[in-house]
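A quick write-up on the structure given underneath.
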Amino acid sequence: MNRYFRELSVAAALVLVLASLAVLAPGFYQAQPLLSLATREAPALVVACGMAVVIICRQIDISVGSQFAVVTVCAGLLAAERWPAPLVALAAVGLGAGLGAINGALVAGLRLPSIVVTLATMVTWREALRWQRQGAFVNLPDSLQWLGLPQAAGQWVLIALALVVLVTLALGLRQLAAGRFVYAVGSDAEAARLAGIRPARVTFSSFVLLGALTGLAAMMNVVQSPQVDPKSGTGLELKTIAAVVVGGVAISGGRGSLWGVFAGLLLLACIAPALTHLRIEPYWEKAIQGAIILLAVVADGVRSRKGRS
Amino acid sequence: MKKWSLLLTAVALFVAGCGKSPESPASGSGAGPAGKKITVALLPKSKGNAYFISCKAGAEKAARALGIDLLFDGPTESDPAKQNEIVENWITLGVDVIAAACENREGISTALRKAQSRGIKVITYDADALPDARTFFVNQATPEGIGHGLMDEAARLLNAEGEFAIILATLTAANQQEWRKHIEARLAEKYPKMKLVAVRPCDDLKDKAQSEATALLSAHPNLKLLMNICSPAVPGAAEAVKQAGKAGQVKVIGLGLPSENRRYVKEGVTDSVILWKTEDLGYLTVEAAVALVKGTLKPGDKTFKAGALGEFEIKGDNILLGKPFVFNKDNIDQFNF
Amino acid sequence: MSAPSGKAFVLRHETVLLFVVVAEWCCFNALGPRFGTLDNSFDILRHTVEIGLLALAMTPVILTGGIDLSVGSLLGLCAILFGKLWRDAGLPPEVAAGCTLIFGALAGGLNAALITALRLPPLIVTLGTYSLFRGLAEAITRGADTFTNFPPSFLFLGQERWLGLPTQAWLFLVVAAGIWVLVHRMTYGRTYRAIGFAPEGARFAGVPVQGRIAGVYVLAGLVAALAAIIYTARLGQAKADAGTGYELFAITAVVLGGTSIFGGIGSVHGTLLGVAAIAILNNGLVHARQPREVAGMLTGALLLLALSSSVLPKLFAAWRRPPPAPVRSTPSPPT
């Protein structure tokens, strides 16, 4: 019970929101809109999983939104050149991994602070993209949407894909040696090194993993509509970091699980549609989001203080 | 000692850099009163926006025809102070005329007045500043005209009856607020049986507009129409309606570029998109800016002849571009911007 | 600090940065005929004061090993509050400004309380208040309400000159001098670096660590409020989107100025140079007729270059002479 306190408390908050929606706005529970909502949030879940790994490794990446936009546009351009969909997906994941590797090399290789490195790459990718593309939409061939499947099938495929990523990573972090290495490096890099782990390699790999997952997420976003907005992914870094933190992953590394991240993302993803259903004016949205993040960390802080005294 | 010699070197470099001779004046067909090439500085509301890219294309055409220098720059951030900084930079740079699309009417007017006091001509296009901060406004459509046009189009599609919702860019954007005000005024005045049930922002992102539209569709089962007053929201809302299987039941209209909406208009998801000819707006703006510098366009004129585009009417200090177009299934293929 | 030898002085981050700033200046002066004029220098000053103030306030925060993401949002909220107090409550601008400053300190106090009393990571607390402050600004104005038509006596602060310099530059100089003395010349402020370097060690040395940390966040809130007032005076309007994204510019300037994001190392004059480097780059590229995207890209590149410049010589030396002892492992993140 105690070990999963944080995950359970986030899940409880989520249940509370969902239950109050059931009473106040039962219209929230309709099959098609919920399926759409889940599909829209599937890419964010994939990125949040990768972000959790990086944060558990005691690093952070605020460039994911820009990476997402770069991969989205490149994938869109390749698809417009009539590349087959599997090849586009492969290129998207590869490009994402490459962008992640740049961050990883600077952080792990040169031992630079990740928050500053990714601040620099965030600005650089975003502005370079704007410079090159000037904000023009990319029109995609019709065959790419939902990968040629019927809409509902395509939506389920994307949701399933996101869940597979979640489950694989959640189990991998707990069961595989490589996963335990991430926790080890995140809690104490020096101790991990003395235990025979190479911290630099683990750190580098976690950035590459996040990049590849961001690439995959961008691809999952591209196949959802027949045209691509080069501004997509704006604010993705804040959304995923907030989900990871609300989900109970310690920003100081070495602690947390992906189940909590899952609950955290669902909670944040529900806010905007919930406000629409509850007929709350939209100018409250940001304040409510901030209050939820603060409440989550304050609850944790109060609890751990009680534990100490 | 070494420390000071280094500093001295730095200072020496600095001074050497300062003592540069000014650029020799270039000559060209677009020579202004001083005999040098006229520089027109065109300020969009933001960069990376397809609407202003289209304006820029027209402006470049005009610049080539007139043989003038065109500067095109604008904020890449959503910070309202950035437009002022760019204008003030241009004042120091010594451009001849500034043509601005204003994000914040009061805020930018401060900088534009300063430009006028330094002898730089100022006109506005797309969105006006305060009247004393510019000579002319190239008016593509008044906020009132846009608001009424959208509301009338919505009423026509719904037979003046039913619920509708608005998706806009951000709550803070000045022009969006202006349009919203006129839409609501028209609604209250003429269409008592229609009801505005929600207004949601999409942060100028297509993806977010799609999510918002999806939520609106399920939260308001009686919704009959989505009105989108920023350009990324029109395709975003259309995709949401299409995915919800409500194409035809829920109408989609808005302000947007034909190129981004062609697919949905042809499929019958989006009913009509309203916009003026953005390229002509850019062209006319540059023509008017240059004419103002050369003195061929003066306050009080009743018409203005803009090169290849022909004559435009001037009403007060507004140069009128003409009526906005309504793009629909029948005519959208004739436009490629 | 003892007088540095010649070589140490040249290799100091601040010196390198000074050369970068001078090189930027010379380069843009060669490219743009009007760049070097006094008018343009004043433009640069005026456009930089708000971000410069935030960067100055951010320096002690980062020196203690913390971070404050909420300053940009707080600027927006304070601008709104100032407008409300002046227009709706009918207070004269001076009184409204005073109240706004008090409010800014209180808002900084909220950050401080959560960070020190509950021992929460600053990154997360200020991520929360980043949304909260901006959200409140939007909620109060419903996004749309704009405050404008301020009296000329108030606009004088942001748009005119006083004793030869833009008025707000004097305020900036006072704050810069104050924070410099606090951090570099007062025992009180010198403990910031001790805290950032080793909080436990500082505690054992008798420093009231939590109290000092609380102080820097209150100071950041206060300075953000001052920046909000200057911003309002410069633009002549206050709206809920004021200062969007300023926190990132401020952090960039501080880090570019040689302050370690993990705390413990850094200087206020380094921050000033970092602010100057970014401001000159942004302004100069307009004079060189380059689009604004290039300014963003170059800022990112400059940041990476500045960071690696301190690391590369060490790595190079390590490669030439493989050390017997292992190098320090991955540094801890900002918490």
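Residue numbers start from 1 in every chain, and the chains themselves are labelled A, B, ... in the order their sequence lines are given, proteins ahead of strands. These numbers were taken from a predicted model, which means no experiment stands behind them.
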Output yes when a side-chain donor or acceptor of [X] lies under 3.5 Å from a complementary backbone atom of [Y], and no otherwise.
{"X": "Gln159(C)", "Y": "Arg234(C)", "result": "yes"}
{"X": "Thr148(C)", "Y": "Gly236(C)", "result": "yes"}
{"X": "Ser73(C)", "Y": "Ser131(C)", "result": "no"}

Handout entry: Test ring-ring contact (aromatic ring centres under 6.0 Å, His included) applied to His47(C) - qualifying residues, sequence neighbours left out
Key =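 Counting only residues at least two positions away or on another chain, His47(C) forms no ring-ring contact (aromatic ring centres under 6.0 Å, His included).
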
Handout entry: ring-ring contact (aromatic ring centres under 6.0 Å, His included) partners for Trp86(C), two or more places apart
Key =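 Only Phe150(C) meet the ring-ring contact (aromatic ring centres under 6.0 Å, His included) criterion with Trp86(C).
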
Handout entry: Largest heavy-atom contact set with chain C, pairs under 4.5 Å, which of Asn89(B), Thr110(B), Asn84(B)
Key =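 With the most close heavy-atom pairs to chain C, the winner is Asn89(B).
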
Practice task
Select, from Thr92(B), Ile91(B), Leu93(B), the one with the greatest count of heavy-atom pairs under 4.5 Å involving chain C.
Solution key: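 Top option by heavy-atom pairs under 4.5 Å: Thr92(B).
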
Exercise for the section: Flag the pair Arg200(B) and Glu212(B) as a salt bridge only when some basic side-chain nitrogen lies within less than 4.0 angstrom of an acidic carboxylate oxygen. Expected result: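 Judged by the 4.0 Å cut-off on N to carboxylate O distance, Arg200(B) and Glu212(B) do form a salt bridge.
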
Problem - Pairing of Lys82(B) and Glu103(B) as salt bridge, 4.0 angstrom limit - result: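 No, this pair does not count.
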
Practice task
Could you please state which residues from residues 112-121 of chain B sit under 4.5 angstrom from chain C, measuring non-hydrogen atom to non-hydrogen atom, sorted by number, or 'none'?
Solution key: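 Counting heavy atoms that sit under 4.5 Å from chain C, the residues of residues 112-121 of chain B involved are Lys114(B), Arg118(B).
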
Problem - Within residues 174-185 of chain B, residues adjacent to chain C where the heavy-atom gap is under 4.5 Å - result: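 Hits under 4.5 Å: Ala174(B), Gln177(B).
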
Problem - Audit row: Asp39(C), Thr37(C), side chain to side chain donor-acceptor pair (under 3.5 Å) steps and yes/no - result: CA-CA 5 Å; Asp39(C) 267 354; Thr37(C) 57; 5.8 Å; no

Handout entry: Heavy-atom contact with chain B under 4.5 Å, split by part of Asp43(C)
Key =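 For Asp43(C), the contact with chain B is made by the side chain alone.
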
Practice task
Using non-hydrogen atoms and a 4.5 Å limit, figure out which bit of Tyr246(C) sits close to chain B: side chain, backbone, both or neither.
Solution key: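 For Tyr246(C), the contact with chain B is made by the side chain alone.
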
Practice task
If the plane angle is over 60° it's perpendicular, under 30° parallel, otherwise tilted; pick one for Phe35(C) and His287(C).
Solution key: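 Phe35(C) vs His287(C) ring planes: perpendicular.
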
Problem - Atom CG of Asn149(C) with >12 non-hydrogen neighbours under 6.0 angstrom - result: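 12 or below, so no.
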
Problem - Over 12 non-hydrogen atoms of neighbours within 6.0 angstrom of OH in Tyr130(C) - result: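 No, because the 6.0 Å sphere around OH of Tyr130(C) holds 12 heavy atoms or fewer from other groups.
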
Problem - CA sep, side-chain torsions, deciding dist, call: Val254(C), Leu56(C), side chain to side chain contact (heavy atoms under 4.5 Å, CB included) - result: CA-CA 8 Å; Val254(C) 173; Leu56(C) 281 173; over 6 Å; no

Residue part contacting chain C, namely of [X], when any heavy atom lies under 4.5 Å:
{"X": "Ile86(B)", "result": "side chain"}
{"X": "Leu71(B)", "result": "side chain"}
{"X": "Asp73(B)", "result": "side chain"}

Practice task
Measure from the ring center of Phe154(C) to the ring center of Phe82(C) and say whether it is less than 6.0 Å.
Solution key: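 Yes.
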
Exercise for the section: Could you tell me which of Cys27(C), Gly245(C), Ala144(C), Gly72(C) has the largest number of non-hydrogen atom pairs under 4.5 Å with chain B? Expected result: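 Heavy-atom pairs under 4.5 Å are most numerous for Ala144(C).
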
